[in-house]
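What follows is a set of notes on a single structure, which appears directly below.
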Amino acid sequence: MLGLLDVSDSAGWIESFDAVAALDPPIVVPGHGPALTLEAARADTRDYLAHLREVMRAHIDAGGDIIGAVEVDQSAFSHLDQFDALAGRNAQMLFQQMEWE
């Protein structure tokens with residue numbers, strides 16, 4: 001699982017992924033981890049970011065706070081390495097970034 005930092009731009013990552021995907025590469029070499037197919041990269045990275053942005057937007061729009069951000073449902077991605085270590089932190093980081101979008 002990718003980790004979001006305070007300098008991360010999840011919307012920009014999605015746009016960049018889509019630009020690379022448009023080239024239809026047979027293999028994607030991420031910044032960390034092994035090379036993988038475009039489909040696997042989409043499922044593990046782009047789809048994760050899009051999902052997290054969607055559920056976080058709903059959480060914020062419903063009046064949710066940063067403490068409750070860790071409760072947004074990310075279970076569809078629980079198979080990813082480091083899920084337990086990063087999911088809650090990613091949720092709170094994205095909450096901070098999206099709160100003013």
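The figures here come from the full heavy-atom set of this structure, side chains too, leaving out hydrogens, waters and symmetry mates.
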**Study point:** Heavy-atom check, side chain of D47 versus side chain of F17, under 4.5 Å
**Key:** no
Exercise for review: State, with a plain yes or no, whether a side-chain heavy atom of D44 is found less than 4.5 Å away from one of M1.
Suggested key: no
Study note, to complete from the structure: Quick note, salt bridge (charged side-chain N to carboxylate O under 4.0 Å, His left out) partners involving residues 59-76, not counting sequence neighbours, are R57-D61
Using distance only, find each side-chain donor-acceptor pair of residues 6-13 under 3.5 Å and give its atom names and separation, not counting sequence neighbours.
from	atom 1	to	atom 2	distance (Å)
S8	OG	L5	N	2.7
S8	OG	L5	O	3.2
D9	OD1	A11	N	3.4
D9	OD1	G12	N	2.9
S10	OG	R53	NH1	2.9

Review point. Does P30 reach the side chain of T45, with side-chain heavy atoms less than 4.5 Å apart?
Key: no
Check your understanding: Do any pairs count as a salt bridge (charged side-chain N to carboxylate O under 4.0 Å, His left out) and have a residue in residues 17-29, sequence neighbours left out, and if so which ones?
Key -> D18-R46
Check your understanding: Excluding sequence neighbours, so at least two apart, what forms salt bridge (charged side-chain N to carboxylate O under 4.0 Å, His left out) with R42?
Key -> none
**Study point:** From L49 atom CG to H51 atom NE2, the distance as rounded to the nearest 0.5 Å
**Key:** 11.0 Å
Which donor-acceptor pairs under 3.5 Å do side chains of residues 82-92 form with protein atoms, sequence neighbours excluded?
from	atom 1	to	atom 2	distance (Å)
N90	OD1	L4	N	2.8
N90	ND2	L2	O	2.9
N90	ND2	Y48	OH	3.1
Q92	NE2	I66	O	3.1

Point to revise | Side-chain touch V28/T37, heavy atoms, less than 4.5 angstrom | key: no
Exercise for review: Look at the aromatic rings of H59 and F95 and report parallel, tilted or perpendicular, splitting at 30° and 60°.
Suggested key: perpendicular
Point to revise | Counterpart residues, side chain to side chain contact (heavy atoms under 4.5 Å, CB included), relative to A35 (two or more places apart) | key: I27, V29
Check your understanding: Does the side chain of Q74 come within less than 4.5 Å of L52's, by heavy atoms?
Key -> yes
